[in-house]
Amino acid sequence: MENTLQAVPQNWYLVLSTLLFCIGIMGVLFRRNAIIILMCIELMLNSVNLLLVSFSAYSGNSDGQVFVFFIMVVAAAEVAVGLALLMSIYRNVASTDINVLNKLKW
Amino acid sequence: MSLYLFLTLAILTIISALAVVFSKNPMYSVLWLIVCFFTIAGHYVLLNAQFLAIVHLIVYAGAIMVLFLFVVMLLNLNADTEPHKSNLTKIASAIAAGLFFVVLIASMRATELGEFNLPNKTSIGFVEEVGKKLFTDFLLPFEISSVLFLSAMIGSVLLAKKEKK
Amino acid sequence: MMTLLLLLLPLVAALAVLLVGNKMASRVALLFTVVEFGLTIYAYTIFKQQGPDAFVFFHDWISSPKISVNLGMDGLSLVMIGLTNFLLPLIVLSGFNREYSNAKTYFSLMLLMQFALIGVFMAYDGLLYYIFWELALLPIYFIALGWGGKNRVPVTLKFFIYTLAGSLFMLFGFIMLYYYNPNASFNITDLYNNPICSCNQGWLFWMFFLAFAIKIPIVPFHTWQADTYSESPTQGTMLLSGIMLKMGTYSLIRWLLPILPAGIAEWGPLAITLCVIGIVYASIIAIMQNDLKKLFAYSSVAHVGLIAAGIFALNIEGLQGSVLQMIAHGVNVVGLFFCADIIINRTQTANINNLGGIRNIAPRFNTLFMIVVIASVALPLTNGFIGEFLLIYGIFKYNTWLAVFAGLTIILGAVYMLRMFQNSMLGNTNENTQHFADLNWSETLVLGIIAITIVIMGVYPKPIFELVQPSLDIILNKALAK
Amino acid sequence: MTTLIYTTCLGLFCMLAEVLNLRKLLVPALIIGLSAIFVVNMQQWGITTPATIGSVSVSHMIKMDNFAIAFSGLAIIISILIFILSANYYKDEQNQISDYLSIMVFVLCGALVMFSYNNMAMLFLGVEILSISLYIMAGSRRFDTRSNESGMKYFLMGAFASGFLLFGIALIYGASGTFELEGISKYITVGEIAPMFYLGVTMLLFAMLFKVSAVPFHFWSPDVYEGAPALITAFMSTLVKVAAFAALYRLFSHCLGGTMYYVEPLLIIVTGATMMVGNVTALSQINVKRILAYSGIAHAGYMLLGVLSSQTNAASSVFFYAAAYAIATIGLFAIAIMTFKSNHSENVEAFNGLAKKNPFAAALISIFMLSLAGIPPFAGFLGKYYIFSEAIRNGYVTLTLFAVINSIIAVYYYLKVIIAMYSQPANDKTLVIHPTYMIVAIICAIATIGITIVPDMLMQILK
Amino acid sequence: MNDKMIQDTLLVTPALLVPLLPLIGFLINGLFGKFLPKSITGWIAALAILGSFICTITLFNGTNSTSSLNIDIFDWIAFSNINISFGFLIDPLTITMLLVVTGIGFLIHLYSIGYMKDDEGYTRFFTYLNLFIFFMLLLVMGNNYLVMFIGWEGVGLCSYLLIGFWFKNESYNNAAKKAFVMNRIGDLGFLLGMFFMLFYFGSIDYSTVANQAQTLAPDSALLITITMLLFVGAMGKSAQLPLFTWLPDAMAGPTPVSALIHAATMVTAGIYMIVRSNILFSLAPTTLMFILIVGVATSVFAAVIGLLQNDIKKVLAYSTVSQLGLMFAALGLGAFSSGMFHVVTHAFFKALLFLGAGSVIHALHGEQDIRKMGGLGKYIKVTYITFLLASLAISGFPFLSGFFSKDEILAHAFEQNKTVWVILSISSFITAFYMFRLVFLTFFGKYRGTEETQKHIHESPLTMTLPLIILCILAVVGGLLGLPEVFHVQHAFSNYLSSVTEGSAQYLAHHEKVSHATEIALMSFAGIGAIVVILFAYNKYVKRSVLPLEDNSLTGLDKIISNKFYVDEIYETVFVKPITVLSDLFLVLVDKLIIDLAVNATAWIVSTSGKTMRLMQTGNTGFYVFAMVIGMMVLLIIRLFI
């Protein structure tokens, strides 16, 4: 395990995270279900986490890892709030489809 | 060895991520996401961030995903309730995301991260190291994030509280 | 001190009028404007003794980018302020014996307008000037919007946006001037003494010219005007045409000529051509206008076009003529619109074809109206003549053929004015006009004062010439020093 | 630092107020508390002792420089005004008022962090505290689907943008190896810059542009502004916008200035597009909150001119502009909220004939509208003038000219309301303006005129 | 202080009083006329003019043919290097005009007291009349062109007011407007002429201009331009081709107005102006040639039209135009003093003719058509006799005033250009013919009106007949002022004016003076010719009682002539119509369609793009995110690859 940093070029992590990030974006674009969009956003955040950790590991600087904690904190808070919002909407319109939410426009 | 491990994990990560996006049933999506989180935790371990890997699992798989599952079950969402986007939008979003990926990679195309030296400290991912950092350098953000939690807490209660109109 | 007093009294008055309530509003406004006029005369006597130095007021305002409260009055300013303060009591008085909803606001806005106008004429700091310039737009807009005719909304909107558009370009021009100015200030003397590369003067000229051309208005920027005039309440129209248009011509003299001489050299010929075309163009349109106010509006376009042309002729005759004509036109056009108001108010129609025969039953009105009309067709011994004479002569010195063309105004002016007068006043009465009451005391007073001024100015304009000559000399020197 | 701590404590107090049954005292206590905090905040002026928690230095996390103090002061004043309004606004929701207010105080905390951050982590946390609290507030009318929709849209897009923010921070960290502003700034000046870094800066910029609602990241703001409760809209369009701008400005003036040449073309395009889309789209709106949203977008465009000029210390210009904008907007909302309420409509027609019903209120609205339109002698004019000046000084002549043209367009929709008030017949709905609203409006009006008369008071702060 | 200066200072007061008195009269009547008894206002006005006349006499006595008195009253337009003063110049030319204006003016005031007695605008009439005299006096007294221009335009205004005196009648108002506008066309020429003088000579004082002009080469382009422009002014004011049409229409005004303004005084202002600038004009032979052509043409043209007019005043109006043409011909020949002489004599007999016509109209209660008159000689003797004598004078009946003044001009024409002489002679005979056609149809034969009106025919009151008699005496003996040298006397009139005209003599081409014998022959020819024509007319209208046909039964040339060669119609189509069309075109096409459309189109484009852009805001979160992503992508691509 010690030699991961030598065996795997750092750029691969970069590419992997970017790919993951883009999959997250695709998910947000692709789906209409608010919950799944929320999950895709989590995916995006996780790609960033991965990136940060890889940078941190490769540069031997633990700041990046600490930062990941904050991202987790925020992600948790975000999810809590997001799901609460979702619940309150679901009570009103009985749907999690974001396309239902189009009263406000133009 | 670790290269193969990385590749395996990476491919798994990507597959599970894609599965999150493409699963018709929200429940599956949730489950795939959990898989994805596990693979990411694997990466953390590969990168010597053991403590973070554990925290990651606890927070994400243990807390956040449970929350998700809980909501999905509560709202009784399944494949039938999932509204479908038209194919055009689907293709468009796939292309857009793909293009975006290409653009991102292209803008980093010349990224040479320089001569890589093995860090003299391998313990940066250990709890001790991270903890020290968190309570010294990052003390303020740590404390400030409590405000965030407070706010989110009040907010969630406020929003989800069941009350007569 | 005098300067500040002159400037701020109308502002105080505006507040006072707001406080006294609707019934007393017009009277209090009149009182204040008369006092203000008295002060102006007093200022004139001081000016006679001590010259412009007595009126310098300087106070730092904004440190960076440097803007200062730099007020003062040279002869030119004094003359313009004199015009403003002379006309305001008349305009207020012309609102007597009329019912206005919310009169206190109405008169207060007029006084606010006076404040802004005086500020424009006093400001010797570019940005301060600009602020007053814009400030002047607000009261008039609200006057027109609140008390105007039934089509007022789109019309005033167009007016507001149109003029504001011009002004914003001017603001842009001022900021550019500031950065071209090594002293980094808007102070007028700095701007006068700062030679700007002639490569930049061309487009800077347009920045300023647009603002002024719209305000004046010079054809083809005039289309807001006729509608605005006919939709505004009379006092608003008077303020607009009598004084506010003069802001544009005044600014040409004060801000454009001396600051951008090379720009003038480059674009002046085009500008003067536009002005002259405008004179003939507007006059010809006026010939067939049937709406009193629109007719006066187009005539006003022609007249101010002549003033602007005289300014761009860049000689002392043109400038003197333009100053004199600004005053004369201010007085006359207020008179004209007041007459129009009297007619419209009593007959409920502005179409001259529906009028006629008023002369039979309202001789006093007829006489005074006649005097105003002949003044505006520039008959000698009325104030309109000397101005036009000098203006056309100024243009003549610039270019003979332009002068011939511009001179058509004296023919065409006679045509449309007399047609208007004939159709509205002469002939036999009809159902619209048969109950036309002659002037009451306040109307007689207003028109009487205007008539007397018309004659006095026409016979003895020398004080005005003397007053503005030094300022014009300086400005002309700058304008001609490329 | 102390400002932040006290404000947090105030937020906690609000939370506990419900438990302690102090709801009646809540708003006065908040106002007094915030006023005290304002004083404390201003006392830090010019004192450069590094921030500490106990014995731990946190100066690499937060830096209360004059920029931060000035903006904090402004933010606190804005909050005070909003809280004055809130007493009456929430009078029917007494059992939740402490929740609402505490969340709003937390928004202020987030803003304070965004003014003073000295580390990307703080920026991130500040943004998130602010945003998450606002998601809640936007959706706080639980039974109103419009409010739901507003909250949800804001949340989804905000979270999405957070992803970009983080990605950008991550890339910057990857290239420079640090989260501290000074470190990053040093990285820029010393040696080669990795392409990754530029991408990071760009992504970070995108995220911040989202927060200030610049085109093409502006889509959320009209919908959210319209759907959110009016008071929250006021809060969003003032405090939040100011905070986002201050953060963006701080980012470039304290840290990423060296990469300005790189993002400049992007910023120019975005600035131009923002001004144009904001102004032009606002023309055809009839909902006043929506008009203000678009107007807010347009104003963001103008303020971006200030950001573009950040290399020549345009801070005071941006500050002045932000202050003028915020004050006018709050004043406007103070009266608009009452008008909306009495008419059960948020459209321009709600203002019909206001000049007859309540000429004073109409006059105040006119002042605010004209100030927003940038017409002298109101503060908005000077703000615009400063911004344009700075932009021209930095050579953005064409862009400024474009801004000038846009301000001409803008006049139209500001006048729409004025026209409705002054030229339309009044409807029969009675309009009662609660004194607290009137007080706020009057304070704002005085400030709007006052800061024109003595603009140096504000302008000198950040020199 | 020598005697002359003392003398001069003594004359200042009367000189100032001359215009001041009418002004005072105007102000009293204008401001307080309403409060004064009607009868008094007329007398106030008349006395004001009488006062002026007396002052003029004082001036006349105080000066001689060589003196000229310059009175600067105040600086009018004075700044920088422009200095135009408001001042008077009293010299023989001025005094001549003053005498005519105030003298005839007074008589006509007197006449009007009777004539206008029953008019509701009595006071107003006298107010205007006084104002007119005031301006006319300014015109002739001014010491520079601009003061002259004040009077010039001022009389135009009064003419406007008086033509449209009966303002309820639409066509009268149109006539008034036409007069004013046509005059203004001339005025523009005058104005431009002044500009040239001011610009090139630096002054518009008569003396300076004359001095400066003499430094230029004769017939230089500048001089031609200036004189041509001034002449354009004169054409307008003095109703020359092609600007003459207003004058016949001007007969819409009350008859005394026609007498005073449109015959005796105002219309001669053009001649006065050219005589005043005689040095300038004599330096520009080309212009003189042009004046000659215009004058001769007008003279014949108007005379021909006069042949077929049936309105008593219209006949006189065309006759006036024709006579003015004669005067201009004289000026064109360089015979400035002869021109002036004819002005004076013409003032006498033409004023008389108009007043006589007025008396006829007064007697017939407003009837002006000569076809409905006839045989009036029996009823109104004084009018008849004076009218007859005036007609003889104008026709050039030997030894009456017109005879001398006309002959002088004809003699000059004979000297210089035989063709001109022939044409002018013909024109003169035509004049004699139509004048007597008028006399015979009016006063001879049987009354052709209704019986009802016949009963009321009466002679006018003394205030009306007295002026007739005085003018008649002047018309008869006026010629004595300028007895030609053939009679072995000094030509008193031209002597008196010699100081004014002598300056130009050197520049005029010198022609061999006709011998006395030839001159006598010419006079005889003219005199006998006139008598023959009169007899011919007598034969036609009295003996054979030929009556003019109704207007609609005219054919051919007659129809054209009686319709005044359709000049008005031509002007209507060539100038008036196009301008009205242009006006509508400008308003509708340029103003509304092009300019305003451009403005509104800008607004429209902006607002439409607003409406379009708002559709981007679909309300769909998915779309928003999509747009954001695309936006970011585009921006990145722009940044990276472009």
Side-chain angles (χ1 to χ4, degrees), chain C residues 158 161-162 219-224 226 281-282 284-289 298 316-317 320 357 359-360 363 367 370 374 377-381 385-386 389-390 392-393 396-397 400 403-404 407-408 410-415 418-419 422 425-428 459-462 465-466 468-469 472-473, chain E residues 30 34 74-82 84 86 124 135 138 146-147 149-154 156-157 160-161 164 167-170 172-174 176-177 180-181 183-185 187-188 191-192 194-196 198-199 579-580 582-587 590-592 594-596 598-600 603:
Chain C
K158 183 173 175 182
I161 292 182
Y162 211 148
V219 174
F221 304 105
H222 66 286
T223 45
W224 60 268
Y281 175 81
I284 288 182
I285 289 184
I287 287 176
M288 293 304 284
Q289 277 295 330
Y298 278 106
I316 190 70
E317 290 83 2
Q320 281 282 16
R359 187 175 182 176
N360 306 345
T367 309
M370 184 76 208
I374 62 175
V377 300
L379 223 72
L381 293 192
F385 172 69
I386 302 169
F389 177 80
L390 289 172
I392 303 178
Y393 180 54
F396 175 85
K397 282 178 84 172
T400 313
V404 175
L408 290 178
I410 70 166
I411 300 170
L412 297 171
V415 175
L418 295 184
R419 172 175 174 271
Q422 179 181 338
M425 298 295 290
L426 310 181
N428 283 310
V459 175
Y460 200 62
K462 202 175 163 192
F465 290 143
E466 282 174 351
V468 295
Q469 182 70 30
L472 294 184
D473 277 337
Chain E
K34 236 184 356 187
F74 58 87
D75 287 343
W76 190 28
I77 302 178
F79 56 83
S80 187
N81 50 5
I82 293 227
I84 300 171
F86 192 98
R124 188 160 55 88
F135 277 123
L138 281 188
L146 201 62
V147 179
F149 192 74
I150 302 177
W152 191 269
E153 291 245 284
L157 169 72
Y160 167 79
L161 291 172
F167 53 80
K168 292 184 189 172
N169 184 317
E170 205 61 26
Y172 290 3
N173 291 328
N174 286 333
K177 191 171 69 183
F180 194 84
V181 171
N183 268 303
R184 273 258 155 145
I185 296 173
D187 293 351
L188 177 57
L191 206 56
L192 289 169
M194 276 198 282
F195 291 157
F196 272 100
L198 196 54
F199 188 59
I579 284 193
T580 51
L582 206 60
S583 175
D584 288 337
L585 195 75
F586 278 174
L587 183 66
V590 183
D591 233 44
K592 289 269 185 302
I594 298 178
I595 300 176
D596 216 21
V599 175
N600 291 339

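Every chain is numbered from 1, with letters handed out A, B, ... down the list of sequences.
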Might you work through the side chain to side chain contact (heavy atoms under 4.5 Å, CB included) test for E:Asn81 and C:Glu317, ending with a clear yes or no?
CA-CA 9 Å; E:Asn81 50 5; C:Glu317 290 83 2; 3.9 Å; yes
Using heavy-atom distances under 4.5 Å, tell me whether [X] contacts chain E through its side chain, its backbone, both, or neither.
| X | answer |
| --- | --- |
| C:Ile161 | neither |
| C:Ile410 | both |
| C:Thr367 | neither |
| C:Leu408 | both |
| C:Val468 | neither |
| C:Tyr281 | both |
| C:Glu466 | neither |

Is there a ring pair (Phe, Tyr, Trp, His ring centres under 6.0 Å) between C:Phe396 and E:Phe196 once you walk through the steps?
CA-CA 8 Å; C:Phe396 175 85; E:Phe196 272 100; 4.7 Å; yes
[X] versus [Y], closest heavy-atom pair with distance:
| X | Y | value |
| --- | --- | --- |
| C:Tyr298 | C:Ala286 | CB-CB, 3.9 Å |
| E:Arg184 | C:Leu379 | NH2-CD1, 3.4 Å |
| C:Ile386 | E:Trp76 | CD1-NE1, 3.5 Å |
| C:Arg359 | E:Gly164 | NH1-O, 4.4 Å |
| C:Ile411 | E:Ile185 | CD1-CA, 3.7 Å |
| E:Ser583 | C:Ile285 | OG-O, 3.3 Å |

What part of [X] gets closer than 4.5 Å to chain C, counting heavy atoms only: side chain, backbone, both or neither?
| X | value |
| --- | --- |
| E:Leu191 | side chain |
| E:Ile82 | side chain |
| E:Leu146 | side chain |
| E:Leu161 | side chain |
| E:Asn174 | both |
| E:Phe74 | side chain |

In terms of heavy-atom pairs under 4.5 Å with chain C, which of E:Arg124, E:Glu170, E:Lys592, E:Lys177 leads?
E:Lys177
Looking at E:Val590, E:Leu198, E:Thr580, which one has more heavy-atom pairs under 4.5 Å with chain C than the rest?
E:Leu198
Looking at E:Asp596 and C:Lys158, is there a salt bridge between them, counting it only when a charged N and a carboxylate O are closer than 4.0 Å?
yes
Under a 4.5 Å cutoff for heavy-atom pairs, which residue among [options] has the most contacts with chain E?
| options | result |
| --- | --- |
| C:Leu390, C:Leu412, C:Leu472, C:Ile374 | C:Leu390 |
| C:Tyr162, C:Trp224, C:Tyr460, C:Phe465 | C:Phe465 |
| C:Val459, C:Asp473, C:Thr400 | C:Val459 |
| C:Met288, C:Met425, C:Gln422, C:Lys462 | C:Gln422 |

Using ring centroids (six-membered ring only for Trp), state whether E:Tyr172 and E:Phe167 fall under 6.0 Å.
no
Please report whether the ring centroid of C:Phe385 lies less than 6.0 Å from that of C:Phe389.
yes
Heavy-atom distance under 4.5 Å between the side chains of E:Phe586 and E:Asp591, does that happen here?
no
